[in-house]
**Q** 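This is the structure I want to talk about, given as structure tokens.
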Number of protein chains: 2
Amino acid sequence: MSDAAEVLISQCRQAGQRITAPRRIIADVVAKADDHPDVPEIYRRVAEIDPTISLSTVYRTVKIFASTGLVERHSFAGGRARIEPASEVHHDHLFDIESGAVIEFRSDEIERLQALVAKELGFELTGHRLVLYGRPLARKARRARKP
Amino acid sequence: MSDAAEVLISQCRQAGQRITAPRRIIADVVAKADDHPDVPEIYRRVAEIDPTISLSTVYRTVKIFASTGLVERHSFAGGRARIEPASEVHHDHLFDIESGAVIEFRSDEIERLQALVAKELGFELTGHRLVLYGRPLARKARRARKP
DNA sequence: CTGAAACTGCAACTCGTTTGCAAAAGCAGA
DNA sequence: TCTGCTTTTGCAAACGAGTTGCAGTTTCAG
């Protein structure tokens, strides 16, 4: 079990949750995922380790992890939520519309402006969601595209 | 029927769609909505004018309007999509987490930085989604409307 | 080692949204 | 106007991600 997974598990225990075999496995899978998988994908990876673990359990566990702040759920495109282990450092996401891949980035400048905008509108900023959608810049040949 | 609704239905006709009574009514409701209603809410408003119009028709019509670029669908929180008539001027949204109200805003500075970030990551920015979540700073006269 | 409380698998359910179908209506052209 | 070919509609059933009730299983404090 990875380091990160152990942190996840121990934090889970501290949150008053019981540590079970399914949760260990799910924590492990989530902790080592660097590609923002969705729940069915996590389920697939979990099933490779223990096929008896059910999809509901994966949903339930991810939900618990999320409510304890151990993982984050994002919705980039399509209906299903994509999961990533929570990180200390806040970041936003760039969604590659051609491959569905997700790139993380961070812009203090944008963050600063967001807070400013909210304040000007008379609001205390409690959170935000910024997703950029884009396609890879073709260096040599242009791809087929719409105008 | 409002001006904006007439524009909507005439553009709809130009897109090769037939103009029907349900579509007129839905166009009217959507065109005069300034509060980003969700589809069930649009259905409610439509039903006040003609209760025989079905929810499916509202969904279908909103979908057509969206695919023709006449209205936009956003997802701020919760599962349901919220609708607004398309506007020439691009803007982002601030979501009042206390009332569910949506405030539109625009920041050229943020837009500029977004394109810059994307470019630095090797992407052509094709779109973005920025939603700020916040709560009202001071207790003032609030004119928030729920969906 | 025990047993109350928490957890699990399963199937059934929710809820926003979509779809198959037969009936109804729009919109050319005659 | 009327005709007839499409498109559109209402209904109900279907969909898909996610949730939940239940009964049996497991955890872990004592």
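Convention: sequence-line order gives letters A, B, ...; per-chain numbering from 1.
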**Q** CD1 of A/Ile25 versus C1' of C/dG9: gap in Å, rounded?
**A**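 Whole-Å distance recorded here is 15 Å.
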**Q** With heavy atoms of chain B within less than 4.0 Å as the criterion, where does contact along DNA chain D begin and end?
**A**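 Terminal contacting nucleotides, 5' to 3': D/dT6 to D/dA12.
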**Q** Check nucleotides 25-27 of chain C against the protein and report each pair of N or O atoms closer than 3.5 Å, with its distance, or say if there are none.
**A**
{"from": "C/dG26", "atom 1": "N2", "to": "B/Arg18", "atom 2": "NH1", "distance (Å)": "3.1"}
{"from": "C/dG26", "atom 1": "N2", "to": "B/Arg18", "atom 2": "NH2", "distance (Å)": "2.9"}
{"from": "C/dG26", "atom 1": "N3", "to": "B/Arg18", "atom 2": "NH1", "distance (Å)": "2.9"}
{"from": "C/dC27", "atom 1": "OP1", "to": "B/Ile19", "atom 2": "N", "distance (Å)": "3.0"}

**Q** Using a cut-off of strictly less than 4.0 Å between a heavy atom of the residue and any atom of DNA chain C, enumerate the qualifying residues of residues 40-58 of chain A by number.
**A**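 Of all residues in residues 40-58 of chain A, the ones placing a heavy atom under 4.0 Å from DNA chain C are A/Thr52, A/Ile53, A/Ser54, A/Ser56, A/Thr57.
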**Q** Can you list everything that forms a salt bridge (charged side-chain N to carboxylate O under 4.0 Å, His left out) with A/Arg18? Sequence neighbours excluded, please.
**A**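 If we apply the salt bridge (charged side-chain N to carboxylate O under 4.0 Å, His left out) test to A/Arg18, skipping adjacent residues, there are no hits.
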**Q** Considering residues at least two apart in sequence or located in another chain, which fulfil the salt bridge (charged side-chain N to carboxylate O under 4.0 Å, His left out) criterion with A/Arg45?
**A**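 For A/Arg45, the residues satisfying salt bridge (charged side-chain N to carboxylate O under 4.0 Å, His left out) (neighbours in sequence not counted) are A/Asp35, A/Glu41.
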**Q** For the side-chain contact (heavy atoms from CB on, under 4.5 Å) test, which of A/Thr61, A/Ile64, A/Val71 pairs with A/Ile26?
**A**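 Answer after filtering A/Thr61, A/Ile64, A/Val71: A/Thr61.
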**Q** For DNA chain D, determine which residues of residues 59-67 of chain B have any heavy atom closer than 4.0 angstrom to one of its atoms, and list them numerically.
**A** B/Arg60
**Q** Listed by chain and number, what are the side-chain hydrogen bond (donor to acceptor under 3.5 Å, both in side chains) partners of A/Arg13, not counting sequence neighbours?
**A** none
**Q** Ring-plane angle category for B/His36 and B/His74, please: parallel below 30°, perpendicular beyond 60°, tilted otherwise.
**A**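 If you compare the ring of B/His36 with that of B/His74, the planes turn out tilted.
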**Q** Is the closest side-chain heavy-atom distance between A/Asp96 and A/Pro136 below 4.5 Å?
**A**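 A side-chain contact under 4.5 Å exists here.
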**Q** So, are B/Arg24 and B/Asp28 salt-bridged, with charged N and O less than 4.0 Å apart?
**A**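 So B/Arg24 does not pair with B/Asp28 through a salt bridge.
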**Q** Sorted by first residue and then second, give each salt bridge (Lys or Arg N to Asp or Glu O under 4.0 Å) pair with at least one member in residues 115-126 of chain A; sequence neighbours left out.
**A**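 Counting only pairs at least two positions apart or across chains, the salt bridge (Lys or Arg N to Asp or Glu O under 4.0 Å) contacts touching residues 115-126 of chain A are A/Glu124-B/Arg135.
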**Q** Please identify each residue that fulfils ring pair (Phe, Tyr, Trp, His ring centres under 6.0 Å) with B/His91, with sequence neighbours left out.
**A** B/His93
**Q** Does the distance from a Lys or Arg side-chain N to an Asp or Glu carboxylate O, for A/Lys32 and A/Asp34, drop under 4.0 Å?
**A**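 Answer for the salt bridge query: no.
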**Q** Check ring pair (Phe, Tyr, Trp, His ring centres under 6.0 Å) between B/Tyr43 and all other residues, then give those that pass, not counting sequence neighbours.
**A**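 If we apply the ring pair (Phe, Tyr, Trp, His ring centres under 6.0 Å) test to B/Tyr43, skipping adjacent residues, there are no hits.
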**Q** Show me the pairs that pass salt bridge (Lys or Arg N to Asp or Glu O under 4.0 Å) and involve residues 58-79 of chain B, at least two apart or across chains.
**A** none
**Q** Five pairs per end, C1' atoms only: what is the angle between the end axes of the helix from C/dC1-D/dG30 to C/dA30-D/dT1, to 10 degrees?
**A** 30°
**Q** I'd like to check A/Arg106 versus A/Val89 (side-chain heavy atoms, cut-off strictly below 4.5 Å). Are they in contact?
**A**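 Counting from C-beta outward, A/Arg106 and A/Val89 do come under 4.5 Å.
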